[in-house]
Visitor: 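Below: one structure in structure tokens.
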2 protein chains.
Amino acid sequence: MSVIWERPEPGPRRVVRLDRAGITAAAVPIADREGLEAVSLRRVASALGTGPMRLYGYLDTKDDLLDLMMDAVCGEIELPAPPELPGSGGWREDLRAIAHGTQFIARRHPWYVTLLGTRQPYGPNGLAYSERLFASVAALGLSARETVHAVNAVRAYIAGFLQLELLPGPEAEPGVEQLTYLARMAATGRYPALARIFAEFERVSPDEAFAEGLERVLDGVAALRPGAP
Amino acid sequence: MSVIWERPEPGPRRVVRLDRAGITAAAVPIADREGLEAVSLRRVASALGTGPMRLYGYLDTKDDLLDLMMDAVCGEIELPAPPELPGSGGWREDLRAIAHGTQFIARRHPWYVTLLGTRQPYGPNGLAYSERLFASVAALGLSARETVHAVNAVRAYIAGFLQLELLPGPEAEPGVEQLTYLARMAATGRYPALARIFAEFERVSPDEAFAEGLERVLDGVAALRPGAP
DNA sequence: GCCTTTCTCGATACGCCGTATCGACACGAT
DNA sequence: ATCGTGTCGATACGGCGTATCGAGAAAGGC
């Protein structure tokens with residue numbers, strides 16, 4: 001490796017200007033199309049026409065990239081107008097809007113839900129999201145402590161539901177006609193309550209379930225209001 | 001024929017007697033002590049005094065091991081007596097017991113929460129857990145559809161809260177006296193609602209938050225009762 | 001008791017991963 | 001024109017999950 005003829009000529013100086021936004025923008029579609037586990041530094045870098053080590057000029061760690069990705073899609077969530085402006089529909093309508101906005105984004109970027117359960121949403125967009133949540137609940141006029149608990153409940157419900165919704169079920173291999181694993185378990189008689197509800201269980205759409213469960217949580221929050229029934 | 005629970009365990013071995021329970025029992029303490037990412041087939045196998053490929057006689061995939069681990073700790077959750085027996089304290093008390101039992105286990109095995117958001121709890125213990133949840137809610141006398149929604153809400157809350165509770169915060173490096181990242185963000189004035197609640201936010205214990213949020217969800221479920229106020 | 005068949009076992013290897021190291025090179029200042 | 005500085009990316013390391021396959025033990029037939 002000392003003769004110049006067999007050393008590759010360095011390409012025209014790669015002046016591809018990179019920045020964090022660009023890296024994030026390259027990573028997100030990969031996650032959308034092939035899942036979060038397909039997002040590797042090698043993969044993202046090669047989508048940008050460079051090598052993996054290049055990215056370390058912009059990130060300390062792969063985790064940094066995941067933080068950036070999370071905040072980027074968090075910014076895609078449409079938040080309702082602040083409570084003091086006319087666009088707001090009251091605390092309950094606002095919380096509904098936030099929840100359904102989150103669900104909408106989770107459908108476009110399923111991996112967002114994974115990240116949601118994995119790291120704090122401390123980027124600017126994540127903080128704006130939190131701010132909007134607290135502002136909505138604040139409109140109820142609860143005590144500080146109750147407000148924190150109410151926000152926690154709503155946030156936990158959203159994160160938990162979306163997470164559970166996206167779990168892959170055990171797939172029945174195609175061609176073979178057979179009951180699903182769950183149906184077979186229900187038929188054993190060992191799980192009577194489960195078996196009794198099983199049919200309904202499959203008839204409920206995820207959207208309906210998300211909306212209805214959310215109403216339960218909001219009902220519980222509403223019951224905290226000073227003048228609650 | 002895709003779920004490990006309905007595949008038979010292979011027969012006896014030559015050198016060291018192994019079985020799925022033994023493999024699981026070796027894996028769980030590793031996860032407890034060093035986190036889920038320390039659980040590799042190489043690591044578990046060497047804890048059992050053998051090589052990684054040995055495990056493939058008992059598992060098809062590493063995912064199978066995670067399923068086994070999840071079901072194992074799921075079996076550690078103390079469930080209340082069934083509703084028809086005297087030990088049961090009514091639907092609400094039962095749901096509380098299940099929720100707090102789950103929280104208790106999540107504290108001993110934090111990685112359980114990660115798995116909870118990652119895979120279906122379809123092992124025998126997971127199904128027994130679901131059965132108990134449905135049986136408790138069934139005692140309210142709701143319609144099938146409402147029952148499904150109520151169980152979803154409770155389950156989503158539990159999974160979501162525990163997941164969010166375990167998120168690592170941004171650690172302030174020791175020695176340097178400085179505000180946390182969140183406190184600094186609150187001080188920017190860009191997040192007024194967040195800033196207003198911030199102090200309280202840090203005063204609430206995780207236990208209290210879990211319990212209080214749960215009451216909100218249970219209140220919402222209670223409001224569905226035929227003769228609800 | 002011996003031979004053959006069957007099945008288990010684990011060594012080796014492949015292609016990924018995140019990232020530490022470091023030589024080569026482009027660029028700005030002198 | 002030269003030097004110092006800082007960026008780029010090739011290479012390497014130790015890990016991962018798991019496919020392959022030869023060695024050898026167990027089981028069965030005679």
Side-chain angles (χ1 to χ4, degrees), chain A residues 1-24 26-27 30-31 33-70 111 114-115 118-119 168, chain B residues 2 4 7-24 26-27 30-31 33-70 111 114-115 118-119 168:
Chain A
M1 187 53 82
S2 66
V3 189
I4 183 135
W5 315 112
E6 45 183 17
R7 260 177 288 153
E9 192 157 7
R13 188 64 177 164
R14 278 269 187 291
V15 207
V16 186
R17 194 64 198 154
L18 236 42
D19 55 16
R20 289 177 184 161
I23 295 173
T24 310
I30 296 177
R33 282 197 302 267
E34 307 176 45
L36 201 53
E37 69 283 353
V39 176
S40 70
L41 295 184
R42 284 168 164 86
R43 195 82 161 57
V44 172
S46 96
L48 290 165
T50 181
M53 292 317 288
R54 176 83 183 279
L55 303 182
Y56 281 92
Y58 305 86
L59 317 164
D60 281 356
T61 269
K62 184 187 178 182
D63 276 0
D64 284 347
L65 174 59
L66 298 178
D67 283 339
L68 289 172
M69 293 172 66
M70 175 157 77
W111 48 271
T114 307
L115 296 183
T118 290
R119 53 221 318 112
Chain B
S2 69
I4 192 166
R7 265 173 281 146
E9 217 173 332
R13 287 303 128 85
R14 327 248 183 282
V15 188
V16 183
R17 170 80 181 157
L18 276 190
D19 54 17
R20 287 174 184 164
I23 295 173
T24 309
I30 296 177
R33 282 197 302 266
E34 307 177 44
L36 201 53
E37 68 284 354
V39 176
S40 70
L41 294 183
R42 284 167 165 88
R43 193 84 163 56
V44 172
S46 96
L48 290 165
T50 181
M53 293 317 290
R54 177 84 185 279
L55 304 183
Y56 280 92
Y58 304 85
L59 317 165
D60 279 358
T61 271
K62 186 188 177 182
D63 276 1
D64 283 346
L65 174 59
L66 298 179
D67 282 340
L68 289 171
M69 292 171 68
M70 175 157 79
W111 48 271
T114 307
L115 295 183
T118 291
R119 53 219 319 111

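Every chain is numbered from 1 and lettered A, B, ... according to where its sequence line falls, protein lines coming before strand lines. Side-chain atoms are counted along with the backbone in the values below, which use heavy atoms only and exclude waters and symmetry mates. Note that the structure is predicted; figures quoted are calculated from it, not measured.
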Visitor: Shorter than 3.5 Å, N or O on both sides, protein versus nucleotides 14-17 of chain D: list them out with atom names.
Guide:
unit_1, atom_1, unit_2, atom_2, d
dC16(D), OP1, Ser40(B), OG, 2.7
dG17(D), OP1, Lys62(B), NZ, 3.0
dG17(D), OP2, Leu41(B), N, 3.1
dG17(D), N7, Arg42(B), NH1, 2.5
dG17(D), O6, Arg42(B), NH2, 3.0

Visitor: So which heavy atom on Ile30(A) is nearest to which on Ala47(A), and how close?
Guide: CD1-CB, 4.3 Å
Visitor: If I compare all heavy atoms of Lys62(A) with all of Ser40(A), which pair ends up nearest, and what's the gap?
Guide: NZ-CA, 4.3 Å
Visitor: Between Leu18(A) (CG) and dT7(D) (P), how many Å, whole number?
Guide: 14 Å
Visitor: For Ala26(B), enumerate each residue passing the side chain to side chain contact (heavy atoms under 4.5 Å, CB included) test, keeping only those at least two apart in sequence or located in another chain.
Guide: Val44(B), Leu48(B)
Visitor: Does any non-hydrogen side-chain atom of Met70(A) lie less than 4.5 Å from one of Thr118(A)?
Guide: no
Visitor: Could you list the residues that satisfy salt bridge (Lys or Arg N to Asp or Glu O under 4.0 Å) with Arg43(A), not counting sequence neighbours?
Guide: Glu34(A)
Visitor: Provide, to the nearest angstrom, the distance between the CD1 atom belonging to Ile23(A) and the P atom belonging to dG18(C).
Guide: 14 Å
Visitor: Using the 3.5 Å cut-off, write out each protein N or O paired with an N or O of nucleotides 20-22 of chain D and the distance between them.
Guide:
none

Visitor: Can you see if the side chain of Thr50(B) gets near the phosphate of dC9(C) - specifically, an N or O under 4.0 Å from OP1 or OP2?
Guide: no
Visitor: Taking all atoms of both residues into account, what is the closest heavy-atom pair of Arg20(A) and Tyr58(A), and its distance?
Guide: NE-O, 3.0 Å
Visitor: Which whole-number value in Å describes the distance from Leu65(B) CG to dT18(D) C1'?
Guide: 14 Å
Visitor: Name all residues meeting the salt bridge (Lys or Arg N to Asp or Glu O under 4.0 Å) criterion together with Asp64(A); count only those two or more places apart in sequence or in a different chain, and write none if there are none.
Guide: none
Visitor: For the residue pair Leu68(B) and Ile23(B), establish whether any side-chain heavy-atom pair is separated by less than 4.5 Å.
Guide: no
Visitor: Taking CD from Glu34(A) and C1' from dC17(C), how many angstroms apart are they, rounded to a whole number?
Guide: 16 Å
Visitor: Rounded to the nearest Å, what distance is computed from the CZ atom of residue Arg54(A) to the P atom of nucleotide dC22(C)?
Guide: 22 Å
